[in-house]
Amino acid sequence: MAALRRVLVANRGEIAVRIIRSCHEAGIQAVAVYSEADRSSLHVRMADQAVELGPAPAAQSYLNIEKIIRAAHTTNADSIHPGYGFLAERADFASAVAEAGLTYVGPPPAVVRAMGVKTEARQIMQAAGVPVVPGNAEPLKDWSAAVEVADDVGFPVLLKAAAGGGGKGMRLAKSPAELESEFARAASEAEKAFGDGSIYVERYVEKPRHIEIQILADQYGTVVSLGERECSIQRRHQKLIEEAPSPVVDEVLRARLAETAVRAAEAAGYVGAGTVEFLLDASGSFYFLEMNTRIQVEHPVTEMIYGVDLVREQFRVAGGERIDPGEFPGEPRGHAIECRIIAEDPENDFLPSPGTVEYLGVPTGPGVRWDGGVAEGDSVGLHYDPLIAKLIVWGQNREMAIGRMRRALDELTIAGLKTSQPFHRAVMSDPVFASGSYDTRFVDDVANEGWYQLRKIDLEVVAVAAALAEDSTLPTRALQAPAADGESPWVRTGRREALRS
């Protein structure tokens with residue numbers, strides 16, 4: 001199979017920019033596709049060629065398989081990279097690409113299909129001896145069947161969409177009564193998100209950690225593991241912060257996770273870059289969650305600690321090259337953290353915050369990486385995912401990485417719309433996060449305690465004090481001025497810290 005020479009990127013935003021950069025470094029021409037709303041977007045400006053697909057709604061542009069295949073033929077592309085989201089885990093898209101005589105930069109359609117149906121994926125993993133969360137392996141017809149499974153595995157349980165992931169169609173039920181109402185909601189949400197309302201049941205793992213293993217497999221049966229990523233900082237099952245390696249995974253557990261992930265990939269017949277996701281409980285037991293048949297949003301933290309370009313590796317595998325396990329480091333080097341900078345307002349329940357990026361000041365310096373999808377002057381609308389960029393840092397150890405991320409977040413300036421930046425700054429200053437002892441309930445727990453607002457106030461006090469301290473024209477007593485109620489803001493801040501500890 002010949003090496004790729006012209007890749008059509010069937011995506012937009014940050015991941016399209018990311019793929020185009022790897023294309024150019026590898027000497028591959030990049031073709032962009034875009035909707036009317038994205039005519040002047042960064043990924044369009046960076047590509048060697050660009051083809052308009054149609055109106056802004058994704059169904060008429062980025063999800064239109066026929067238009068994307070036609071764009072590939074029109075531009076003489078020899079391959080298509082799906083990125084993540086949109087068509088990235090659609091078996092019918094992978095099949096259409098192959099039938100059109102093009103190379104799909106991803107696993108075979110049969111693998112995409114099998115791993116996309118979560119109940120089928122569970123069956124494959126169970127047959128391969130991969131531990132799965134107790135539950136059923138067949139889609140359920142109604143809530144009464146779900147009750148029977150729940151009675152068997154024990155409440156609480158999770159209702160999950162059989163045809164998809166990403167938290168859509170997922171509901172927690174703590175009793176038979178809750179299960180009846182939540183089953184209908186889960187099925188409805190799954191139908192809207194995936195066109196399939198099938199639901200299955202898993203036992204709810206209390207306070208787990210979300211750990212995933214990056215694997216890379218060639219077309220000749222070689223599979224390698226590139227360590228784990230910690231993805232437990234989530235809100236509504238959507239990841240917000242990732243780090244690698246995990247602060248709770250030691251060498252022994254890493255080896256067990258890696259061996260299990262490789263076995264899972266082999267059982268699935270996997271080819272390309274993929275991710276095997278696990279739930280890790282407090283006892284050290286772990287369970288298969290799902291397999292993502294695409295590049296992950298959080299892949300940069302793995303790249304930072306293993307010194308690889310996973311997108312370029314995808315190109316190599318798709319072009320028929322063999323993987324040499326000796327090319328990859330056996331152990332992670334240092335520590336990396338990623339914050340997803342999203343156009344959402346963390347002070348208003350993370351509601352969307354569309355607008356125009358009036359000013360963008362990107363952090364730089366040692367160990368700082370900015371994977372952005374927008375530039376100054378670009379608009380962030382409601383048609384697509386609100387991810388603006390991913391801010392990634394590397395440090396020699398976790399403490400250094402956290403400090404570097406704090407510094408980078410302080411340097412970052414985005415004007416014109418609200419973003420998740422204040423939330424990330426708050427997390428980087430939180431003692432629980434610093435200890436590494438958090439789990440997937442972290443965001444929900446601290447939100448219930450009013451943590452975010454308290455931490456935000458603390459950061460504002462420090463920022464104001466620092467600004468005043470730098471202004472030598474202000475009298476020293478300005479820092480000591482009491483509040484209207486006679487109490488110093490420093491005293492109040494200290495009291496809050498004492499209550500938290």
Minimum heavy-atom separation for [X] and [Y], please, with both atom names.
| X | Y | value |
| --- | --- | --- |
| Val301 | Ile337 | CG1-C, 3.8 Å |
| Arg254 | Glu228 | NE-OE1, 2.7 Å |
| Ile20 | Ala47 | CD1-CB, 4.0 Å |
| Tyr306 | Gly227 | OH-CA, 3.4 Å |
| Gly334 | Ile305 | O-CG2, 3.8 Å |
| Asp78 | Arg6 | OD1-O, 2.7 Å |

One thing to verify: whether [Y] and [X] come together as a salt bridge, which I'm taking to mean a side-chain N less than 4.0 angstrom from a carboxylate O.
| X | Y | result |
| --- | --- | --- |
| Asp349 | Arg236 | yes |
| Glu25 | Arg21 | no |
| Glu277 | Lys239 | yes |
| Glu303 | Arg18 | yes |
| Arg340 | Glu242 | yes |
| Lys418 | Glu347 | no |

If you measure only the distance, is there a donor-acceptor pair under 3.5 Å linking the side chains of [X] and [Y]?
| X | Y | result |
| --- | --- | --- |
| Asn11 | His81 | no |
| Ser61 | Arg12 | no |
| Asp38 | Tyr62 | yes |
| Thr302 | Arg229 | yes |
| Gln314 | Arg316 | no |

Is [X] atom [atom1] crowded by more than 12 heavy atoms from other residues, nucleotides or ligands, each under 6.0 Å away?
| X | atom1 | value |
| --- | --- | --- |
| Gln396 | CD | no |
| Arg45 | CZ | yes |
| Glu399 | CD | no |
| Glu251 | CD | no |

Are the side chain of [X] and the backbone N or O of [Y] linked by a donor-acceptor pair below 3.5 Å?
| X | Y | value |
| --- | --- | --- |
| Gln219 | Val317 | yes |
| Thr356 | Glu358 | no |
| Asp218 | Ile323 | yes |
| Ser41 | His43 | no |
| Tyr270 | Ala273 | yes |
| Ser435 | Val432 | yes |
| Asp439 | Pro208 | no |
| Glu89 | Thr293 | yes |
| Asp378 | Ala375 | yes |
| Arg404 | Trp394 | yes |

>> Can you tell me how the ring of Tyr104 sits relative to the ring of Phe93, calling it parallel under 30°, perpendicular over 60° and tilted otherwise?
In response: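 Rings of Tyr104 and Phe93: perpendicular, over 60°.
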>> Are the side chains of Leu253 and Phe286 in contact, using a 4.5 Å heavy-atom criterion?
In response: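 Counting from C-beta outward, Phe286 and Leu253 do come under 4.5 Å.
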> Would you say the side chain of Leu42 lies within less than 4.5 Å of the side chain of Glu14, judging by non-hydrogen atoms?
Replying inline: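 Glu14 vs Leu42: side chains apart.
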From [atom1] ([X]) to [atom2] ([Y]), nearest 0.5 Å:
| X | Y | atom1 | atom2 | value |
| --- | --- | --- | --- | --- |
| Leu409 | Gln421 | CG | CD | 6.0 Å |
| Asp444 | Gln234 | CG | CD | 9.5 Å |
| Arg322 | Tyr220 | CZ | OH | 5.5 Å |
| Arg425 | Ser420 | CZ | OG | 12.5 Å |

> Any cation-pi pair here, Arg209 with Tyr438, using under 6.0 Å and within 45°?
Replying inline: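 Verdict for Tyr438: a cation-pi partner in Arg209.
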